[in-house]
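Structure first, then comments.
Hydrogens, waters and symmetry mates play no part in the numbers below; they use all other heavy atoms, side chains included.
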Amino acid sequence: MHGHRNAGSRGRRTWGRDVWLICGALLTTAAAYAAVVTFWDSGDFSFFVDGVLGLLAVVMPAAVGWLVVYRLKGQRPEIVVAAFALSCQAAGNTYYVAISAAGGNVSLPSPADIGYIGFYLLMFAALVVKVRHQLAGMAGPVILDSIVGGVGAAAFLAVILDPVLSSAFQGPHFGAAVLGAAYPLMDLLLVAAIIAVAATDGKNVGRGWGLLVLGLLIHTGADIVHALLDLNALYVVGTPLDAVWTLGAALIACWTVVQSRSSAATARRGREIPVQAVPALATLAALAVLILATQKQVTVLAVVLASLTLALAALPMIFRQRIRLLDATRQARTDELTGLPNRRALYGDLPERLATAAGRPSAVLLLDLDKFKEINDGLGHDVGDRLLQQVAWRLSGLLAPADLLTRMGGDEFVVYVSDCAPPEAPAVASKLREALADPYDLGGVTVQVNASIGISLFPGQGEDLSLLLRKADMAMYTAKSTRSGHAVYSDGDVGPGSNQCHTLQALNAALQDDQLTLHFQPKINLATGEVSSAEALVRWEHPVLGLLQPDAFLKRFDEMGLMPALTGVVLAQALDQAAVWAARDQPISVAVNLSASSIMDSKLPDQVAAMTLARGLSPSALIVEITEDVLVADRDRARTVLAALREMGVRIAVDDFGKGYSSLSYLRELPIDELKLDKSFILTMMDDARATALVASTIELAHSLGLEMTAEGVEDEEALQALTDYGCDLAQGYLMSRPIPADQMEAWLSNRNGLPLPGGSPLQNAGPTQGISGSIG
């Protein structure tokens with residue numbers, strides 16, 4: 001597990017370094033080719049310079065594009081399309097070089113132009129694929145601005161390329177001249193579209209787009225010069241002009257490389273491009289053409305295009321209010337962090353889709369990230385935000401255009417999958433969970449998260465959106481409680497997902513009306529057989545839903561900001577029971593598992609001191625248990641709080657040891673007294689030699705550090721005997737007792753005397769080996 005995580009982290013760091021190495025290699029190759037053809041080429045076709053080096057310079061950008069596609073496993077469709085575009089350009093250049101090497105002349109048009117035109121069409125397609133999610137409902141302004149920019153560029157080019165166009169109308173090479181003028185026009189039209197997208201969206205559409213724009217502008221200049229040279233039959237292969245095209249292609253390839261480290265979801269608001277940027281630039285170009293026409297003779301085509309540009313540029317002014325309303329509507333329906341549709345969009349769009357589905361089966365999936373709260377609180381909200389952005393990007397790449405992905409808020413996402421038969425829905429959920437399981441590089445921090453997904457089916461389980469979401473919510477909590485990853489709603493699902501359990505009023509009632517209760521599970525000293533302590537586990541005696549396990553409600557308490565109040569209730573009840581046992585001459589320490597937010601509370605030590613003092617208890621009567629997830633949080637702050645607790649006598653234990661991915665350095669840095677080995681190792685140790693070796697070595701590690709070792713999940717005498725032989729200090733599990741209420745715990749303590757443990761210590765099995773245990777946090 002650790003190795004897999006570290007390997008993923010190293011792989012991402014290596015690729016982050018390789019991005020710049022690859023970009024440097026591209027630009028260096030282009031620069032080397034430019035230097036050779038400028039200073040050392042003789043002017044005739046050279047096999048090495050124009051053939052080998054020239055082909056390397058034009059093929060390398062396409063090869064790099066496909067390298068990025070391979071690196072991303074084809075999951076970024078815009079980069080796949082861009083790689084095809086670069087391949088088309090490379091094919092056209094290769095044809096040009098091959099014909100020139102054979103001593104022939106390449107006419108215009110030629111088969112090479114198929115590749116060049118394919119390049120522009122595919123680059124337009126890549127842009128559409130890239131921004132299709134960000135610009136939902138804003139296609140009109142983008143298209144209008146692109147047209148305005150294209151017509152303005154055409155007017156400008158009509159002046160520059162007047163000799164070419166005049167020759168076309170007067171001579172037999174009309175098609176060749178028009179094609180020669182079309183290339184710089186397509187360059188500028190693509191640049192106008194990119195700027196229009198960025199301006200209309202109000203934010204950057206990703207990293208590296210300046211490289212793409214610069215590469216296209218370089219292409220524009222080279223295409224203009226080529227058109228003028230070709231008019232007089234002066235263009236030949238192997239001149240510095242070829243190096244200019246090569247540099248443009250290298251910059252476009254660098255864009256694909258840089259894009260591999262960004263996504264639509266990570267685009268953040270920054271220095272915004274004015275909404276009227278494209279119309280303003282086009283207007284300036286048109287005015288310049290018209291002013292020039294008053295001073296000298298300018299082709300009629302340029303004047304007509306300039307006038308048309310001014311007319312079109314006025315349209316955004318006329319409809320500015322409409323565009324602003326459209327933009328305001330889009331922003332109101334868009335989640336600012338991820339760029340996905342938000343709750344408002346979901347309730348606005350999905351009912352209409354369901355109504356027009358005509359009974360065709362579909363599915364609503366409610367996805368909730370596991371342990372996101374710990375990451376967000378422990379590593380900071382900026383890290384949590386980056387995680388949500390990457391999750392949104394991964395999910396977006398898996399859905400069809402007819403599907404709908406929305407962010408409901410927090411770490412909850414809703415996925416509507418159209419035309420999805422009931423047997424297919426679990427497979428879709430598995431595919432989404434698999435995509436989210438890979439490690440996330442969050443800027444110096446690498447984390448792994450899983451998701452729980454609840455599924456409701458349309459129309460079989462309802463035709464109303466609210467009903468489908470409620471059932472998906474209930475199924476999601478079933479998936480959480482069973483740790484199955486995903487679950488389809490069934491009529492037996494109750495409670496954990498219902499509104500009765502989720503409302504703030506119900507949670508407050510649980511705190512104020514003594515609905516929360518504790519069950520206790522004893523921890524046995526394997527050397528003496530004595531009960532040294534008991535773990536307190538919270539339960540909710542819900543007035544309608546019955547006894548609820550922690551997985552059904554702890555997250556809701558945390559989301560509602562009620563975890564401090566819940567912690568206070570649990571600590572009070574646990575210490576009350578410890579005081580009862582102490583008064584009956586049965587001094588048993590109580591262990592309470594606290595959440596990350598509780599451990600980060602600087603007031604916790606004072607709270608514990610006051611509570612133990614009020615009950616006449618020594619602070620040593622309390623054991624604070626923390627999970628390894630807490631240790632990926634603010635370790636300095638955790639160290640301060642834990643040190644204060646330990647200084648007053650409270651013992652510190654690490655629960656579920658070995659289950660997480662934390663560095664073992666915390667064993668040295670934090671004040672810890674006890675390790676509790678996760679039950680997954682204990683349950684498999686008798687059937688798995690590697691698990692047995694891990695258990696034995698972990699016990700030895702704990703003892704070498706002066707720590708006690710507790711084994712959780714002991715369910716059979718064979719495992720208990722093995723743990724005793726390995727020198728384990730403490731054990732808890734269903735073999736001894738399941739978690740039970742305090743009154744049953746007292747009866748268990750009274751009845752267990754004289755019953756032998758392996759090795760001669762007393763023990764009793766107090767219940768069946770089934771059920772769910774949990775704790776606060």
Side-chain angles (χ1 to χ4, degrees), residues 1-5 450 481-485 519-535 537 549 551 591 593 625 627-629 653-662 664 667 672 674-705 707-740 748 752 754-775:
M1 288 293 190
H2 289 276
H4 174 73
R5 174 182 183 269
N450 293 313
S481 62
T482 60
R483 294 180 172 86
S484 59
H519 285 196
F520 296 88
Q521 187 173 36
K523 295 163 62 176
I524 309 298
N525 187 312
L526 294 182
T528 65
E530 296 177 352
V531 178
S532 60
S533 60
E535 182 175 3
L537 302 116
Q549 303 290 334
D551 286 343
N593 194 322
E625 295 188 1
T627 62
E628 289 185 302
D629 295 326
V654 176
D655 197 14
D656 297 334
F657 180 75
K659 184 179 179 181
Y661 298 91
S662 300
L664 291 179
L667 295 178
I672 297 171
E674 177 186 344
L675 299 181
K676 299 185 68 178
L677 190 60
D678 186 67
K679 65 182 179 181
S680 60
F681 295 99
I682 308 303
L683 294 175
T684 60
M685 64 179 289
M686 302 312 300
D687 300 317
D688 185 343
R690 298 182 68 180
T692 303
L694 284 171
V695 170
S697 60
T698 305
I699 293 173
E700 184 177 352
L701 170 65
H703 291 166
S704 68
L705 295 174
L707 307 178
E708 282 190 326
M709 174 58 71
T710 298
E712 298 182 284
V714 180
E715 295 192 356
D716 59 76
E717 293 189 6
E718 187 179 6
L720 185 64
Q721 181 65 66
L723 290 167
T724 304
D725 294 340
Y726 295 146
C728 185
D729 301 294
L730 305 166
Q732 68 181 93
Y734 292 151
L735 176 63
M736 287 78 78
S737 173
R738 62 185 179 183
I740 51 179
W748 182 88
R752 62 179 295 274
L755 296 176
L757 262 173
S761 299
L763 175 66
Q764 179 195 2
N765 182 343
T769 58
Q770 58 186 0
I772 301 175
S773 67
S775 57

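Side-chain atoms of Leu677 and Ile699, non-hydrogen and from C-beta on, never get closer than 4.5 Å to each other. Side-chain atoms of Gln721 and Asp725, non-hydrogen and from C-beta on, do get closer than 4.5 Å to each other. When side chains are defined from C-beta on, Glu717 counts as touching Leu735, because their heavy atoms get closer than 4.5 Å. Residues Leu723 and Met709 form no side-chain contact, since every pair of their non-hydrogen atoms from C-beta on lies 4.5 Å or further apart. Phe657 is listed as a side-chain neighbour of Thr698, based on a closest heavy-atom distance under 4.5 Å. Looking only at side-chain heavy atoms (C-beta outward), Lys676 and Gln732 come within less than 4.5 Å of each other. Counting heavy atoms from C-beta outward, Pro739 and Phe520 have side chains that stay 4.5 Å or more apart. Put simply, the side chain of Trp748 reaches to within 4.5 Å of the side chain of Val531, judged on heavy atoms.
Distance alone, capped at 3.5 Å, is enough to place a donor-acceptor pair between the Thr684 side chain and the Ser680 backbone.
What you find for Asp678 and Glu712 is that their closest heavy atoms are CA-OE1, 4.0 Å. A pairwise comparison of heavy atoms in Met685 and Ala722 identifies CE-CB, 3.9 Å as the closest pair. For the pair Val714 and Ala731, the tightest heavy-atom approach, listed with the atom from each and the gap, is CG2-CB, 4.0 Å.
Remark: Ser484 engages Thr482 in a side chain to side chain donor-acceptor pair (under 3.5 Å) (not counting sequence neighbours). The side chain to side chain contact (heavy atoms under 4.5 Å, CB included) search around Glu718 returns Met686, Asp716, not counting sequence neighbours.
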**Prompt:** Would Tyr734 and Gln521 count as a side-chain contact (heavy atoms from CB on, under 4.5 Å) if you check the C-alpha gap in whole Å, the side-chain angles of each, and the deciding distance to 0.1 Å?
**Reply:** CA-CA 9 Å; Tyr734 292 151; Gln521 187 173 36; 4.0 Å; yes

**Item:** Working for side-chain contact (heavy atoms from CB on, under 4.5 Å), residues Asp688 and Phe681
**Value:** CA-CA 9 Å; Asp688 185 343; Phe681 295 99; over 6 Å; no

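Salt-bridge check for Glu715 with Lys679: failed, with every basic side-chain N at 4.0 Å or more from each acidic carboxylate O. Between Glu708 and Lys523 there is no salt bridge, since none of the side-chain N atoms of the basic residue sits less than 4.0 Å from a carboxylate O of the acidic one.
Each of Asp729, Leu720, Leu730 was checked for a side-chain contact (heavy atoms from CB on, under 4.5 Å) with Leu526, and the lone residue meeting it is Leu720.
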